[in-house]
*Asks:* 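For reference, the structure I am asking about is given below.
No hydrogens, no waters, no symmetry mates; every other heavy atom, side chains included, goes into these values. Nothing here was measured: the structure is a model prediction, and the numbers come from that model. Below, chain A is the first sequence line, B the second, and so on; all start at residue 1.
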Amino acid sequence: MSYKLAQMALRSLTMAMMILAFFFNSEDMDELTIDLFTRLGVSGSYSIITLGLLIESGLQLKSDKLVEAIFLISGIALSLLSATFSFINFYADEGFKQGKSVNSGITSHKCIQCLKQQYFCRIKLFEGILEKDVIDIGQLQKLAFNGVPEEKGLRSLVWKILLHYIPTEKNSWDTTLHKKRQLYQQFIDEIIVSPGGPTDHPLNMSPDSSWSTYFKDNEVLLQIDKDVRRLCPDISFFQSATEFPCSEIVNSNGVKRLHKRVEQSVLKYSTLERRGLGVAKLSNEIRRTDISSGDYTPLNEGCEAHWEVVERMLFLYAKLNPGQGYVQGMNEIIGPIYHTFACDANMEFRKYAESDCFFCFTNLMSEIRDFFIRTLDETESGINYMMGKLSDCLKKQDRAVWDRLKKQELRPQYYSFRWLTLLLSQEFSLPDVERIWDSLFADARRFDFLIFICCAMILLVRENILNGDFASNVKLLQNFPPMDVTLILNKALEISYT
Amino acid sequence: MAKKTYDLLFKLLLIGDSGVGKTCILFRFSDNHFTTTFISTIGIDFKIKTVELRGKKIKLQIWDTAGQERFHTITTSYYRGAMGIMLVYDITNEKTFDDIVKWLRNIDEHANEDVEKMILGNKCDMEDKRVVSKERGEAIAREHGIRFMETSAKSNTNIELAFSELAEAILDKSAGREADADLARIAVERRPSRAPPARAAPACCS
């Protein structure tokens with residue numbers, strides 16, 4: 001009797017576990033198709049067999065062979081059925097992998113598997129292109145347009161090519177990189193490490209006095225310093241230490257550090273208190289040290305945070321491009337490039353992230369610098385023209401939305417100025433920005449696709465715009481809701497075909 | 001019309017050098033929070049807050065601008081529609097105070113003549129790093145006939161007060177415009193710039 005009870009308990013336990021397993025597994029409702037049948041079959045058949053034995057042992061049906069047989073046969077049948085389904089399932093999967101029905105809309109479990117597969121295929125494709133002695137830039141653009149994998153430093157390398165920093169002929173990479181990196185070192189040397197320092201006296205009023213240049217530089221530096229300490233505050237990357245600090249600077253006892261030049265220095269003062277004749281008391285005021293800049297505090301001697309590296313690059317850029325200088329927002333352009341380069345899987349590239357980034361940034365700026373120059377606002381390369389282009393695109397795509405915005409006097413400057421100037425870098429999270437930039441950099445007609453993306457963003461919130469008042473619409477466009485970027489990019493692609 | 005949840009709509013503008021804390025002031029006012037983790041404002045930003053003054057629901061539409069010179073062409077286009085302008089400097093930074101004059105000139109050039117102005121000396125919690133005394137702030141405000149207040153977005157000092165005072169000044173003015181000329185005379189002691197619209201130039205220009 002006790003044996004039968006034990007058997008009964010064991011079987012009920014098995015059954016409970018089976019049922020539990022079934023419910024836990026089918027939590028994601030996406031899979032309630034073939035997968036469901038498989039699970040239903042397996043757990044069902046086990047349950048039936050168990051139930052049969054349970055009834056037999058529990059109710060002691062005196063080995064009623066017929067009942068047992070019925071249960072057993074139906075159990076086996078269900079098992080076979082489920083096996084068939086899982087077999088079909090497997091093959092459907094295989095077919096999917098071969099790319100017969102690649103649809104990004106499907107997000108089920110099994111698709112993650114094949115997306116992974118697809119992802120590795122993409123890496124292979126990139127490697128195939130990059131392996132050749134002379135890289136086919138057209139092919140690379142086409143491929144990169146749909147996103148560049150971060151793995152193996154691919155994005156970092158592809159951006160360098162797309163931004164024309166390294167040539168398509170592979171055999172000249174080494175010399176190009178060597179030359180450029182040396183040049184950058186020279187810039188650091190001449191402009192930051194040993195600029196000779198001002199030679200005349202600080203009160204020299206002549207406009208070409210070296211002190212007056214020094215003071216003017218500091219003004220630029222002050223602005224840069226403010227902005228790099230506000231770069232991507234939602235991630236810790238820029239506040240963390242770089243693996244490869246500039247040794248001449250970080251070991252200079254603080255003297256060569258750029259932010260030192262613009263640190264607010266308050267002269268120490270002491271108060272002389274006179275008490276009667278000859279009795280004087282000197283009271284020293286002790287001032288607290290600066291902790292106001294939050295986590296963007298400079299690191300100790302020998303170390304350097306990533307934001308300090310960005311500060312240096314921007315200062316060099318401003319010095320080397322005096323006509324343009326530094327404009328707020330450039331930090332948001334250089335940020336994603338530097339982040340990508342400094343996270344390169346390849347150590348050698350990571351080591352030279354700073355100099356490589358500097359030249360890529362310079363190249364990119366040569367294409368968009370007119371957005372940053374006020375006097376060029378009205379020209380064909382200026383920001384107003386770009387905003388006009390976006391407005392025209394929207395008008396063509398969706399007259400109703402355009403009319404609505406027009407009627408509310410919600411001018412494109414209110415939102416698209418920032419979108420376009422910063423290439424959307426303030427609108428999305430860093431990984432999404434990098435994905436968007438893959439497409440932008442791969443766009444042979446830069447920056448037409450940027451206009452399409454911006455237009456797509458508006459179209460994707462069209463219902464909200466049509467129902468919202470002025471205030472809510474400005475808010476919506478200035479704080480674009482989090483959204484799957486592939487959705488936006490696909491929409492942009494759609495627009496580009498029309 | 002039935003959807004309207006407010007009685008009056010006031011458009012305000014925040015201007016001043018980069019990094020003086022315009023965005024922080026606005027964030028403190030609209031969300032009652034303070035954080036140093038702000039990205040720099042590019043172009044123009046926007047917030048809404050409804051306040052109640054003298055039994056009237058007033059919707060404040062506040063525009064936050066970028067400080068740097070480059071953005072002036074973009075931002076000055078907002079001056080025209082603004083009914084109130086807050087000019088912010090940083091009490092721990094001499095240059096931002098010196099630039100007040102520049103910003104005032106900007107207002108004269110681009111804003112409506114009867115716009116209500118207010119100067120704010122921000123970051124007054126950082127007493128140990130102060131380089132601009134309160135007296136100097138008051139002096140320049142007096143010189144131009146503008147309201148003045150020292151604020152701190154961090155310690156939440158005078159932020160609410162500054163906005164409500166500016167809103168009240170605008171309310172006074174719009175009430176004055178609606179009222180008859182002899183009614184306007186009653187409240188004359190409050191502010192010289194509240195003269196009837198016939199005399200457009202406010203007393204602050206003298």
*Asks:* With a 6.0 Å cut-off (strictly less than), is the heavy-atom count around NZ of B/Lys59, excluding the residue itself, greater than 12?
*Replies:*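 Above 12, so yes.
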*Asks:* Check A/Asp377 with B/Arg70, please: is the shortest side-chain N to carboxylate O separation under 4.0 Å?
*Replies:*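 Salt bridge present between B/Arg70 and A/Asp377.
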*Asks:* Among A/Ile383, A/Ile373, A/Asp234, who wins on heavy-atom pairs under 4.5 Å with chain B?
*Replies:*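 Heavy-atom pairs under 4.5 Å are most numerous for A/Ile373.
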*Asks:* Evaluate the ring planes of B/Tyr78 and A/Tyr414, with Trp represented by its six-membered ring, and classify them as parallel (under 30°), tilted (30 to 60°) or perpendicular (over 60°).
*Replies:*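 Rings of B/Tyr78 and A/Tyr414: tilted, as their planes differ by 30° to 60°.
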*Asks:* Any side-chain to backbone donor/acceptor pair from A/Glu332 onto B/Ser40? Under 3.5 Å, distance only.
*Replies:*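 Pair absent, no side-chain N/O of A/Glu332 close to backbone of B/Ser40.
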*Asks:* Under a 4.5 Å heavy-atom cut-off, does chain A meet the side chain of B/Gln68, its backbone, both or neither?
*Replies:*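 Both parts, backbone and side chain.
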*Asks:* Please classify the contact of A/Asn331 with chain B as side chain, backbone, both or neither, using a heavy-atom distance under 4.5 Å.
*Replies:*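 Only the side chain of A/Asn331 comes within 4.5 Å of chain B.
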*Asks:* Heavy-atom distance under 4.5 Å to chain B: side chain of A/Phe470, backbone, both or neither?
*Replies:*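 The side chain, not the backbone.
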*Asks:* Less than 4.5 Å to any heavy atom of chain B: does that hold for the side chain of A/Phe371, its backbone, both, or neither?
*Replies:*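 Looking at A/Phe371, just its backbone touches chain B.
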*Asks:* Does A/Gln328 use its side chain to pair, donor to acceptor, with the backbone of B/Ser18 at less than 3.5 Å?
*Replies:*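 No, because the side chain of A/Gln328 does not come within donor-acceptor range (under 3.5 Å) of the backbone of B/Ser18.
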*Asks:* Any chance you could measure B/Ile42, atom CD1, to A/Asp227, atom CG, to the nearest 0.5 Å?
*Replies:*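 Spacing of CD1 (B/Ile42) from CG (A/Asp227) equals 7.0 Å.
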*Asks:* Name the region of B/Lys123, side chain, backbone, both or neither, that has any atom closer than 4.5 Å to a heavy atom of chain A.
*Replies:*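 When you check distances to chain A, no heavy atom of B/Lys123 falls under 4.5 Å.
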*Asks:* B/Asp45 and A/Gln478: which non-hydrogen atoms are nearest, and at how many Å?
*Replies:*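 Nearest pair, atom of B/Asp45 first, then A/Gln478: OD1-OE1, 3.0 Å.
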*Asks:* Return yes when atom CD of A/Glu409 has more than 12 non-hydrogen atoms of other residues, nucleotides or ligands closer than 6.0 Å, and no otherwise.
*Replies:*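 Atom CD in A/Glu409 is not packed in, count stays at 12 or less.
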*Asks:* Would you name the heavy atoms of B/Ile44 and A/Gln413 that are closest together and state the gap between them?
*Replies:*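 Result for this residue pair: CG2-O, 4.4 Å.
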*Asks:* So, taking the atom named CD1 in B/Ile48 and the one named CG in A/Asp469, what distance separates them when rounded to the nearest 0.5 Å?
*Replies:*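 Spacing of CD1 (B/Ile48) from CG (A/Asp469) equals 7.5 Å.
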*Asks:* Where do B/Lys47 and A/Lys475 come nearest, in terms of heavy atoms and distance?
*Replies:*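 Closest approach of B/Lys47 to A/Lys475: CA-CE, 4.5 Å.
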*Asks:* Quick check on A/Leu231 against chain B: is it the side chain, the backbone, both or neither that has a heavy atom closer than 4.5 Å?
*Replies:*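 Neither part.
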*Asks:* Nearest 0.5 Å, please: how far is CG in A/Leu410 from CZ in B/Phe46?
*Replies:*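 The CZ atom of B/Phe46 sits 8.5 Å away from the CG atom of A/Leu410.
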